[in-house]
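In what follows, every chain begins at residue 1, and chains take the letters A, B, ... in the order their sequences are listed.
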Amino acid sequence: MIDYGAIEKKWQKRWEESNAYEPEPNEKKPLLVTAAWPYVNMPLHIGHLKTYAITDMYARYMRLAGYNTLFPMGFHYTGTPIIAIAKRIAERNKDVLDEIKVYNIPDSELPKLSDPLYMADYFAKDTVRGLRAAGLGIDWRRSFNSINPFFSKMVEWQFSKLVAMNLLEQGEHYVAWCTNEGNPVGQHDTKGDVHPEIEKVAMVAFKVKDESASFLCTTYRPETIYGVSNLFIAKGAAYSLVSISGKDYYISKSAAKELAYQLKMEEKGDVSSDELLAKSALNPLTGEEIPILPGFFVDESFGTGIVMSVPAHAPFDYVALKRLEREGYKVPSSYKKVISLEGDAEQSIPSMVYLSMFGAGESASDDLIEEATKKLYSAESHNGKMSVGKYAGSTESEAREYIKRDLLADGNALESYIISNSPVFCRCGTRAIIKIVNDQWFINYGDKAWKEKVKALFASTEVYPKKMRAAYDYTIDWLDLRALERAQGLGTRFPLNPKHIIESLSDSTLYMAFYTISHIIASNNISADKAKPEFFDYVFLGIGTVDSASAASGIDPLVVKRCRESFAYWYSNTSRHSASELIYSHLTMYLFAHAAIMPKELFPKRIVTNGMQLYEGKKMSKSLGNIVPIADAIKKYGADNLRAIEIAGTELDTDTDFSVAAVSGLMQRNDFLYNTIKSMEEMDSGGLRPIDYWLYSKLNAKISSVTKDMGLLYVKSAFGSIYYDSINEIKRYLERGSPNQIVLSEFLSKVTIMLSPFMPHIAEEFWEMLGNDGFAIEQAWPQPDIGMINGPIESCEDVIDATLSDIKGIITVMSPKNGGSMPSEVAIIIADEWKFKAYNYLVDSKKHSEVIAKSESFGATKEDVSKYILQYKNPNSVTMKVSFTSEELRSAMEDASKYMSSKLGCAVKVYSESSSSSARAQRAQPEKPGIELKWGQS
RNA sequence: GCAGGGGUGGCGGAGUCUGGUCAAUCGCGCAAGGCUUAGGACCUUGUGCCUUAGGGCUGCGUGAGUUCGAAUCUCACCCCCUGCACCA
């Protein structure tokens with residue numbers, strides 16, 4: 001049994017003692033691999049480990065492949081969640097305390113975590129411990145966080161560059177807003193972590209009859225305006241008369257309050273709902289006069305608190321009218337249908353049809369009506385056609401845009417934003433609304449020239465998995481204005497508005513460059529006030545000289561020089577790693593930042609993304625309570641086993657499942673390898689047999705295919721070949737008896753090197769047990785000896801396998817007829833060479849007649865050849881030549897006969913067809929030797 | 001809706017680019033036997049259907065097409081997953 005804990009500690013210590021992961025520039029080719037830095041509002045769990053483990057595997061592989069490889073890691077502090085969590089720890093919020101419980105934080109630490117910075121530092125340290133324990137080869141000297149003052153200066157420098165390039169813009173922007181706290185509201189600021197979904201909607205104005213003012217109705221479906229039978233308001237609610245851009249409108253009082261955050265508006269006075277009910281309105285498109293009625297479902301706080309009633313298409317409107325009718329109200333009697341669905345009856349009222357589909361009558365619950373509304377809305381949006389009005393005949397979705405455009409152009413409508421999943425509450429308890437901010441700064445990712453530059457440079461960036469390239473291309477096109485500042489949170493102050501901080505994604509697009517100098521800055525204790533633009537200009541862009549940069553910054557010229565050299569060396573070859581979800585945000589912004597600021601030869605060379613890590617088939621989440629901290633998993637399963645599953649459980653593009661069953665499979669196999677290596681002392685090393693050549697062939701073919709797979713980051717396939725296949729091959733090799741120590745040792749040593757990126761600790765242990773010097777992780781990746789790849793001998797081995805399984809099958813069938821006894825002897829009859837030649841000729845010619853005509857050249861009679869070759873009825877299906885000769889197969893079979901004999905429990909004799917007197921001899925085919933079982937006396 | 005990815009055995013997941021060596025690598029699960037005081041582990045065998053001297057049939061979301069031959073190529077349709085921004 002392997003003691004994983006002991007092995008892990010042993011090798012981690014030795015690696016550390018030899019500074020194995022603290023590279024500096026040298027004569028080798030450089031490679032800087034970086035993974036998206038973790039956001040430390042919680043400790044890491046095994047779901048987070050995946051990307052880092054893959055990055056580490058890649059770094060280790062490239063190191064073996066001859067690169068001087070650097071893998072640094074920092075921590076992301078920017079934004080509000082760290083503050084939010086710390087605050088809730090201070091409040092002793094039960095959810096957060098429960099969530100944090102799985103990480104075994106000592107009671108003495110817990111109170112201190114209510115300080116956001118202390119908490120972030122604490123979780124960062126915890127993360128370092130976890131990643132070290134997982135055996136990641138990270139250069140921790142270079143670690144920094146996103147609020148490091150020197151780094152902040154770099155971010156400021158970065159944004160000053162963008163300003164100079166005219167890539168920032170100021171303008172209007174909408175945000176979800178808490179009126180109580182005076183802050184924007186993001187998902188983590190809301191009760192229940194609900195994301196406020198923001199939508200742009202139309203507000204249609206219905207002029208009041210005999211008045212200059214209009215009713216303003218929020219609607220998703222302006223195209224249904226032709227079918228409006230009345231307006232609904234909330235009875236008993238307070239309404240206001242307001243003036244927007246010189247026009248008067250009635251809206252609910254609460255809407256007036258909220259819309260004031262979006263539109264310039266003046267409140268002119270209160271109006272009661274009864275007053276409104278007494279009025280009537282004019283349809284802006286049809287001019288029809290319509291009544292105002294109380295709607296039971298109208299929410300004064302949603303939209304404008306006035307709803308246009310389209311009973312034919314809106315189930316709520318329909319039900320409301322029916323209820324009013326029953327209560328004795330005078331209600332419109334015609335439900336005008338304006339949209340038709342294919343196949344519906346002309347007279348049918350869609351809202352009635354859908355209500356009855358759900359078994360919902362006039363007294364149905366709101367939920368049921370809601371359900372019918374959704375279905376009808378979806379059906380009409382997808383397949384509905386306008387049946388009336390200017391756009392009759394066009395699809396509903398087209399008509400919606402056209403009609404909205406017309407209404408806006410004619411001054412019959414306004415636009416506003418609403419929270420479509422309203423109500424969303426801020427944690428303080430206030431309902432969130434939408435605010436339009438008009439001095440908001442944006443990064444203009446919509447800039448055409450910038451986009452073109454990114455596209456041009458990105459064309460030569462390698463993307464893994466390859467098929468993700470389309471997603472980047474799409475995102476490059478799609479990215480547009482992006483707000484870059486926020487009112488709250490940790491981070492770097494935005495130079496153009498120091499009250500705000502630079503938003504968390506925007507401050508993390510160039511930080512990987514800082515790793516190349518962070519340890520130099522730290523070890524020389526250089527303070528942030530020396531981080532002058534001239535310093536960054538020189539180090540990152542080569543603008544100016546060592547002396548000018550030193551003079552401007554006050555930093556020692558030798559330090560400046562070292563920074564410049566370090567950056568120029570490492571940044572010339574970079575590989576970026578993250579989960580694939582970041583393609584749509586961070587990774588593409590990272591491309592934009594590099595295109596704008598960095599010299600084009602330093603543009604990212606490679607981006608690698610991966611899927612998620614699942615746990616027992618499910619996404620890990622606090623609500624499922626299935627979060628496994630990294631330290632726990634390592635203790636339980638072993639770092640290498642955890643790594644292997646996370647890295648190579650699937651290929652990069654799919655999610656990986658972590659299951660305990662998979663771990664136990666790995667443990668058993670590790671034990672097998674361990675025991676095999678231990679038992680090697682007793683092995684001899686004599687002359688080579690076919691099976692030895694077979695193992696060499698497998699080894700070299702493996703090196704060749706794995707090298708190819710690793711180059712394309714087909715991780716699962718590579719690992720399968722290195723690990724599972726090798727184990728199966730060793731088992732087979734050992735079964736054949738008399739294993740050769742030299743052969744097996746070479747096989748295992750090379751496999752161990754290839755295994756080390758995945759399972760570094762175990763690989764080191766095996767490497768040492770095999771009697772090799774140095775670290776496995778510092779060896780050269782094996783080169784395949786193509787000459788040792790022996791197709792014929794592998795094919796012969798396959799034939800041996802197939803023959804064995806054929807024989808077993810026949811024995812199973814025949815035994816009962818022979819009183820349950822086993823055969824006393826099995827004769828294996830190898831086809832004569834002429835059959836090989838005839839067969840191969842058929843593959844080429846595809847014509848029986850041509851093969852038969854050539855009979856003599858194969859050394860056989862026409863009769864024999866035609867009898868043999870005609871059994872391949874469709875020559876087109878004979879496509880693969882036999883790669884070995886009759887004699888090669890005979891000798892391999894001979895060598896395997898002892899093994900077959902032990903498997904079958906009876907004597908096995910090998911004959912050639914011509915020397916066999918068996919009646920079954922002529923059945924022998926090149927890849928299917930004849931078989932004869934003998935019962936009784938042998 | 002827009003964009004990207006995907007539908008293969010009880011399950012995870014190969015194979016698809018480059019059609020034939022594919023009843024389908026590998027792994028998990030399951031079943032029987034061996035070993036064991038017992039359990040676990042380990043080893044052997046089996047695991048679509050029908051056969052029974054190494055054979056045949058059906059099958060890779062649905063339907064059609066190309067081809068001597070299709071999981072693989074073409075067309076149409078159905079279904080699922082992810083992202084859609086100020087959120088790290």
Does Lys87(A) NZ have over 12 foreign heavy atoms under 6.0 Å away? no
Given that Asp480(A) and Ser805(A) both sit by RNA chain B, which one's nearest nucleotide is further toward the 5' end? Ser805(A)
Less than 4.0 angstrom between a side-chain N/O of Arg923(A) and OP1 or OP2 of rA53(B), yes or no? no
Please state the C1' separation for the pair rC22(B) and rU72(B) - nearest whole angstrom. 11 Å
Are side-chain N/O atoms of Tyr723(A) and Asn670(A) paired as donor and acceptor at under 3.5 Å? yes
Would you please say whether a donor-acceptor pair under 3.5 Å links the side chains of Trp37(A) and Ser508(A)? yes
Given atom NE2 of His76(A) and atom C1' of rC87(B), what is their separation to the nearest angstrom? 12 Å
Of all the nucleotides listed (rU44(B), rG54(B), rC86(B)), which has the minimum atom distance to the side chain of Ile810(A)? rG54(B)
Out of rC26(B), rC84(B), rG54(B), which has the shortest distance to the side chain of Asn728(A)? rC26(B)
Atom pair distance, as rounded to whole Å: OH in Tyr474(A) and C1' in rG4(B): 9 Å
Which nucleotide in the list rG55(B), rG20(B), rU52(B) gets nearest to the side chain of Lys928(A)? rG55(B)
Rounded to whole Å, the OH-P distance (Tyr590(A) to rA88(B)) equals 21 Å
Counting the atoms with a prime plus P, OP1 and OP2 as sugar-phosphate, which does Leu933(A) contact under 4.0 Å by heavy atoms, base, sugar-phosphate, or nothing? base
Could you work out which one of rG20(B), rA88(B), rC86(B) sits closest to the side chain of Ala483(A)? rC86(B)
Give a yes-or-no answer on whether the side chains of Gln440(A) and Tyr174(A) include a donor-acceptor pair shorter than 3.5 Å. no
Using a 4.0 Å heavy-atom cut-off across all strands, classify Arg669(A) as base, sugar-phosphate, or nothing. sugar-phosphate
Mind checking if Lys731(A) touches a base, just sugar-phosphate, or nothing, with heavy atoms under 4.0 Å? sugar-phosphate
Which dot-bracket string fits RNA chain B when only Watson-Crick or G-U wobble pairs with both atom distances under 3.5 Å count, crossing pairs get [ ], and | stands for a partner on a different strand? ((((((((.[[[..)....(.....]]]((((((.......))))))(((....)))...[[[[[..)....]]]]])))))))....
Write down the distance separating the P atoms in rA24(B) and rU74(B), rounded off to the nearest Å. 27 Å
With P as the reference atom in both, quote the distance from rG20(B) to rA71(B) in angstrom, rounded to an integer. 10 Å
For every nucleotide of nucleotides 9-18 of chain B, 5' to 3': is a protein heavy atom under 4.0 Å from its base (B), only from its sugar-phosphate (S), or from neither (-)? ---BSS----
Using whole Å, report how far CD1 of Ile807(A) lies from C1' of rU44(B). 17 Å
Within the 4.0 Å heavy-atom criterion, would you say Thr78(A) contacts the bases, only the backbone, or no part of the nucleic acid? sugar-phosphate
Have a look at Pro465(A) and say if it touches a base, only the backbone sugar-phosphate, or nothing, with a 4.0 Å heavy-atom cut-off. nothing
Using the C1' atom as the point on both nucleotides, what is the distance between rC11(B) and rG48(B), in whole Å? 16 Å
Around atom OH of Tyr220(A), are there more than 12 heavy atoms from other residues, nucleotides or ligands closer than 6.0 Å? yes
By the 4.0 Å heavy-atom rule, please label Glu932(A) as base, sugar-phosphate, or nothing. base
If we take the P atom in both rC78(B) and rG29(B), what is their distance in whole Å? 39 Å
Please work out whether rG9(B) sits syn or anti, treating a glycosidic angle within 90° of 0 as syn. syn
Looking at Asp473(A) and Lys455(A), is any side-chain nitrogen of the basic one under 4.0 Å from a carboxylate oxygen of the acidic one? no
Heavy atoms only, 4.0 Å cut-off, all strands: where does Gln925(A) land among base, sugar-phosphate and nothing? nothing
Which nucleotide, rC84(B), rG54(B), rC86(B), lies nearest any side-chain atom of Ile931(A)? rG54(B)
Residue pair Gly930(A)/Asp725(A) against RNA chain B: nearer the 5' end by closest nucleotide is Asp725(A)
Among Ser918(A), Pro929(A), Ser916(A), the one residue meeting side-chain contact (heavy atoms from CB on, under 4.5 Å) with Tyr911(A): Ser916(A)
By the definition salt bridge (charged side-chain N to carboxylate O under 4.0 Å, His left out), identify the one residue from Asp798(A), Asp725(A), Asp801(A) that meets it with Arg732(A). Asp801(A)
Among rG54(B), rC68(B), rC87(B), which is the nearest nucleotide to the side chain of Arg482(A)? rC87(B)
Have a look at Leu505(A) and say if it touches a base, only the backbone sugar-phosphate, or nothing, with a 4.0 Å heavy-atom cut-off. base
Distance in angstrom units between Leu734(A) CG and rU44(B) P, rounded: 12 Å
Quote, to the nearest angstrom, the P distance that separates rU62(B) from rG9(B). 10 Å
From the list rA3(B), rU45(B), rU21(B), which nucleotide is the closest neighbour of the side chain of Met880(A)? rU21(B)
Sticking with atom C1', work out how far rG19(B) lies from rA31(B), rounded to a whole angstrom. 37 Å
Apply side-chain contact (heavy atoms from CB on, under 4.5 Å) to Tyr445(A) and list each qualifying residue two or more places apart in sequence or on a separate chain. Ile443(A), Trp450(A), Leu479(A), Arg482(A), Met589(A), Phe592(A)
Using atom P in both nucleotides, what's the gap between rA32(B) and rC17(B) to the nearest angstrom? 42 Å
Atom OH of residue position Tyr714(A) - does it have more than 12 heavy atoms of other residues, nucleotides or ligands inside 6.0 Å? no
Is it the case that the side chains of Ser146(A) and Thr78(A) hold a donor-acceptor pair, with the cut-off being a distance below 3.5 Å and no angle test? yes
Do we see a donor-acceptor contact under 3.5 Å between the side chains of Asp439(A) and Gln170(A)? no
Go through rA88(B), rA85(B), rA53(B) for me and flag the one nearest to the Tyr39(A) side chain. rA88(B)
Between Ser504(A) and rC86(B), is there a contact of a side-chain N or O with OP1 or OP2 at under 4.0 Å? no
Would you mind classifying the nucleic acid contact of Leu481(A) as base, sugar-phosphate or nothing, using non-hydrogen atoms under 4.0 angstrom? base
